[in-house]
**Q** 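Please see the structure below; I have some questions.
Side-chain atoms are counted along with the backbone in the values below, which use heavy atoms only and exclude waters and symmetry mates. Order of listing sets the numbers, starting from 1, for every ligand and every atom in it.
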Amino acid sequence: MMSVPLEPLMTTFDIDWVRSQFPALAIKVNGYPAAFFDGPGGTQVPRRVIDAVGGYLAASNANTHGAFATSRRTDEVIAAAHAAMADMLGCDAEEIVFGPNMTTLTLALSRALGRDLKPGDEIVVTKLDHDANVSTWAALEERGCAIRFVDTRPADCTLDMEELRRIVTPRTRVVAVGYASNAVGTINDVEGVVRLAHDVGAMAYIDAVHYAPHGPIDVRRLDCDFLVCSPYKFFGPHSGALYGKREHLLHLRPYKVRPATDSIPGRWETGTQNHEGMAGVTAAVEYLAELGRRHTPEAHGQRAALLAAYDAIRVYERKLLEQLVPALLAIPGLTFYGIREPARFRQRVPTVAVRIAGRSPRELATYLGERGIFTWDGNYYALNLSERLGVEPDGGMLRIGLVHYNTAEEVDRLLAALRELAHRA
Ligand SMILES: Cc1ncc(COP(=O)(O)O)c(C=O)c1O
């Protein structure tokens, strides 16, 4: 099989160290070691995240801005989490807004933005995206805004960029696009999308939830107006984090209560936040930075270490993908959705979706689950895509999501189980 040269090449990936960090990887199901291919729905967390969450509750638990020790510590925990996410996304700490999850943050942002929109304004969304980046914007139809959809090409599940160029016009106010598809793994040309949006004076809102565990994010280079992700998808606790350009966070009008601060990012962080979750987010970012330093000891500073981690992760995940995809394609009766050619793997993350003739995705996932292999079935809220591919009435697709704690042996186990299923169908 042809494989694409990778730059810059890491010679080793310390998978034993990685796996030793994640207590959940020791779980067994029916005597089988658990193989977590459910990462797109939420990843496992390293020990230090568990310790940080528990440690916060044990020693720092309080509300903010009080004149006593635990409250001061809480203020520090919150500041550290903003700084960690700023390292992760390449921005300033005050440009980071925390919230319960991506969907809630996006609803808050779309509602705030909607206050300044008027009938006739247009918002562009895609048929490839998770519904959290679609319905959240479609809600603004009630303000008279028109929602325009960019199609996805069923043959390889990529966005129709020609159509995007056509429907982004001077009437467009927001272009909302995913960085990578949570269903089929396609990486979109988000830099190109941001440029198109800015050319007509529109804002670009990027959903990086699915991209964040797999690749580095640089919001300054992208020049996006907003970018949102969910730490529980990149080895942290259940929470959401949004980057907003400082001027937007200052000038847009969030729905908020009067006593809450009007400075950023606090004006966007309504109510009491998940402080223990924030402690865990900092620990998740530190875990990734340590992974980076282990592979590139000369990486100085947290941001450089994070970029080094993603270099290592990308190369390792690519190898697993090169093992997985051709073997899936050889299974009789299997339909594969999305980019399949190794020469194009740069355009995708290692999340793949398949169907096997004669078996519903739920049957496949149940069979695998009983053997300790965790996958998702259904549409995973990428509803427009599931409809566009015509699989929604038949239970959607089986999704296999690889992350850097998965192994070649786990991929072999998965493939063997799928072959068995295909032969019995
Ligand atoms: C691509 C993508 N966007 C958005 C979401 C929604 O994220 P959250 O659960 O943080 O609201 C998900 C969750 O699966 C996702 O995969």
**Q** Would you kindly say whether Glu392 and Asn379 are connected by a side-chain donor-acceptor distance under 3.5 Å?
**A**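 A donor-acceptor contact under 3.5 Å links the two side chains.
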
**Q** As an exercise, identify every atom of ligand 1 less than 4.0 angstrom from a heavy atom of Ser230.
**A**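 So the atoms of ligand 1 that pass are 7 (O), 8 (P), 10 (O).
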
**Q** Ring centroid separation for His404 and Phe235, is it under 6.0 angstrom?
**A** yes

**Q** May I ask you to identify the nearest protein heavy atom to atom 14 (O) of ligand 1, giving residue, atom name and distance to one decimal place in Å?
**A** Lys233 NZ, 2.6 Å

**Q** N/O of Ser239 under 3.5 Å from N/O of ligand 1, yes or no?
**A** no

**Q** Tell me whether Met102 has any N or O atom under 3.5 angstrom from an N or O of ligand 1.
**A** yes

**Q** Among all protein heavy atoms in this structure, tell me which lies nearest to atom 15 (C) of ligand 1, with the distance rounded to 0.1 Å.
**A**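 So the nearest neighbour among protein heavy atoms is His130 CD2, 3.2 Å.
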
**Q** Does the ring centre of Phe22 sit less than 6.0 Å away from the ring centre of Tyr405?
**A**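 Yes, close enough.
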
**Q** So does Arg171 have more than 12 non-hydrogen atoms from other groups sitting under 6.0 Å from CZ?
**A** no

**Q** How far is atom 3 (N) of ligand 1 from the closest protein heavy atom, and which atom is that?
**A** Asp207 OD2, 2.6 Å

**Q** Is the number of heavy atoms from other residues, nucleotides or ligands under 6.0 Å of Tyr381 OH greater than 12?
**A** no

**Q** Tell me whether the NZ or CZ atom of Arg355 lies within the 45° cone about the ring axis of Phe336 and under 6.0 Å from its centre.
**A**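 Relative to the ring axis of Phe336, which defines the angle, Arg355 lies outside at least one limit.
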
**Q** Which protein non-hydrogen atom lies closest to atom 11 (O) of ligand 1, naming both residue and atom, and how far is it?
**A**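 Of the protein heavy atoms, Thr103 OG1, 2.5 Å lies nearest.
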
**Q** Test your reading of the structure: does Tyr232 have an N or O sitting under 3.5 Å from an N or O of ligand 1?
**A** yes

**Q** Determine whether the aromatic ring centres of His130 and Tyr380 lie less than 6.0 Å apart.
**A** no

**Q** Quick one: look up the protein heavy atom nearest atom 16 (O) of ligand 1 and list residue, atom name and how far away it is.
**A**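 Here the closest protein heavy atom is Asn182 CB, 3.2 Å.
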
